[in-house]
There are 2 protein chains.
Amino acid sequence: MKLSKKSEYGLRALVELTLAHEKTTLQRRDIADRQHIPLEFLEQILLTLKRAGLVSSRRGVNGGYDLIKQPNEITLGQVIRILDGPLAPIGCVSKTAYQKCSDCPYANKTRCPVQQVMGTVRDAIAGILDHYSLADFAAGHPKG
Amino acid sequence: MKLSKKSEYGLRALVELTLAHEKTTLQRRDIADRQHIPLEFLEQILLTLKRAGLVSSRRGVNGGYDLIKQPNEITLGQVIRILDGPLAPIGCVSKTAYQKCSDCPYANKTRCPVQQVMGTVRDAIAGILDHYSLADFAAGHPKG
DNA sequence: ATTATTGTTGATAAACTAACTCTAGATTAT
DNA sequence: ATAATCTAGAGTTAGTTTATCAACAATAAT
């Protein structure tokens, strides 16, 4: 049930970008320094977030990164799904990336005990992370 | 945020042992067949559960495994912690296996946004899994 | 134009983990 | 004895995580 370093770094980077949003852009080095993130790894993460349409970037002198959307329009659930994949503990209860479990012995899937509990767990996790915006996150309080 | 195959198989094996409990013992082959679990991998899992004091075993002809405790005294949280480690998504919010995060830039840990949210997530997961017994689990309904 | 600065991209790789597989041995019932 | 069964741990394979590096492309200032 682990959160990867990638997601952790990604979230921490987005805190910095949220704090800077509409004031200034940040260069990868700024972000890496402030959040103690390995520079080259951060690069990859920012690139992934860029491809996913969360941040914009500009090259060259005075370049840097910026959020594209408003901080209250991005949820932690979105970010973690981009960087780590589905929130669900097991494929067969994922709502964004369902996958049938190949070796499940239960013909009637609603009877599978694992699926039942893990469905509950998934809903609990998603219930938190999909209602928690970057704005909440950077402000450090539990709800907007 | 994944549940490992090890834990999944472990839980499924425990369903069988719960159903058989106080009626008969089960051999690894029975469990493996009914739950489609690779036999040799299952062995390892059962051994871990034995060392942790959840199941007993008897060797030789007519040997097999049995639950030691009553099914309503074992929670899924316990099982998953044994097989997969802490439920917490990140070490610094684990209550059973706390670990300081080495690279956290926040001197005052209560101010770390990641820690805040992930603490909430941990509580949600543990709130479900630590109140869900094997008896509930095998019966296939959400609460005892 | 030139140059320094910054982001972009893809290749590479060490370290780790997951998910098995295998082999040899110990115990027990018959 | 011997066949069935668990015990223990080493070995294997494939994939993931966590980076690191080098070459390239765009931009701004001079």
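Computed from a predicted structure; not experimentally measured. In what follows, every chain begins at residue 1, and chains take the letters A, B, ... in the order their sequences are listed.
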Q.
Less than 4.0 angstrom from a charged side-chain N to a carboxylate O is my criterion; do A:Lys2 and B:Asp84 meet it?
A. no

Q: Return yes if some donor-acceptor pair links the side-chain N/O of B:His21 with the main-chain N/O of B:Leu17 below 3.5 Å, else return no.
A: no

(Q) Tell me whether the side-chain N or O atoms of B:Gln44 pair up with the base of C:dA19 as donor and acceptor below 3.5 Å, since no angle test is needed here. (A) no

(Q) I need the minimum non-hydrogen distance between B:Thr18 and B:Ala138, along with the two atoms involved. (A) CG2-CB, 3.7 Å

Q: Return the value, rounded to whole Å, for the distance between atom NZ of B:Lys2 and atom P of D:dT17.
A: 10 Å

Q | DNA chain C contacts among residues 51-58 of chain A, heavy-atom distance under 4.0 Å | A | A:Ser57, A:Arg58

Q | Interface residues of residues 4-19 of chain B with DNA chain D (non-hydrogen, below 4.0 angstrom) | A | none

Q. Are any of the side-chain heavy atoms of A:Val93 and A:Pro89 separated by less than 4.5 Å?
A. yes

Q. Where the side chain of B:Gln27 is concerned, which of D:dC6, D:dA19, C:dC20 is the nearest nucleotide?
A. D:dC6

**Q.** Salt bridge B:Glu16-B:Arg12, side-chain N to carboxylate O under 4.0 Å
**A.** no

Q. Hey, is CD on B:Glu73 packed in by over 12 heavy atoms from elsewhere, all under 6.0 Å?
A. yes

Q. Is it true that A:Lys50 and A:Asp66 have a side-chain N and a carboxylate O under 4.0 angstrom from each other?
A. no

Q) Using 4.0 Å as the upper bound for N to carboxylate O, is an ion pair formed by B:Asp103 and A:Lys5? A) yes

Q) Looking at the side chain of B:Leu47, which of C:dA11, D:dA8, C:dT8 is the nearest nucleotide? A) D:dA8

Q) Mapping B:Arg29 and A:Glu40 to their closest nucleotides on DNA chain D, which lands nearer the 5' end? A) B:Arg29

Q: Strictly below 4.0 Å, heavy-atom distances to any atom of DNA chain D: list the hits from residues 60-71 of chain A, or just say none.
A: A:Gly60, A:Val61, A:Asn62

**Q.** Worked check of salt bridge (Lys or Arg N to Asp or Glu O under 4.0 Å) between A:Lys95 and A:Asp123
**A.** CA-CA 9 Å; A:Lys95 290 188 182 163; A:Asp123 290 345; 3.4 Å; yes

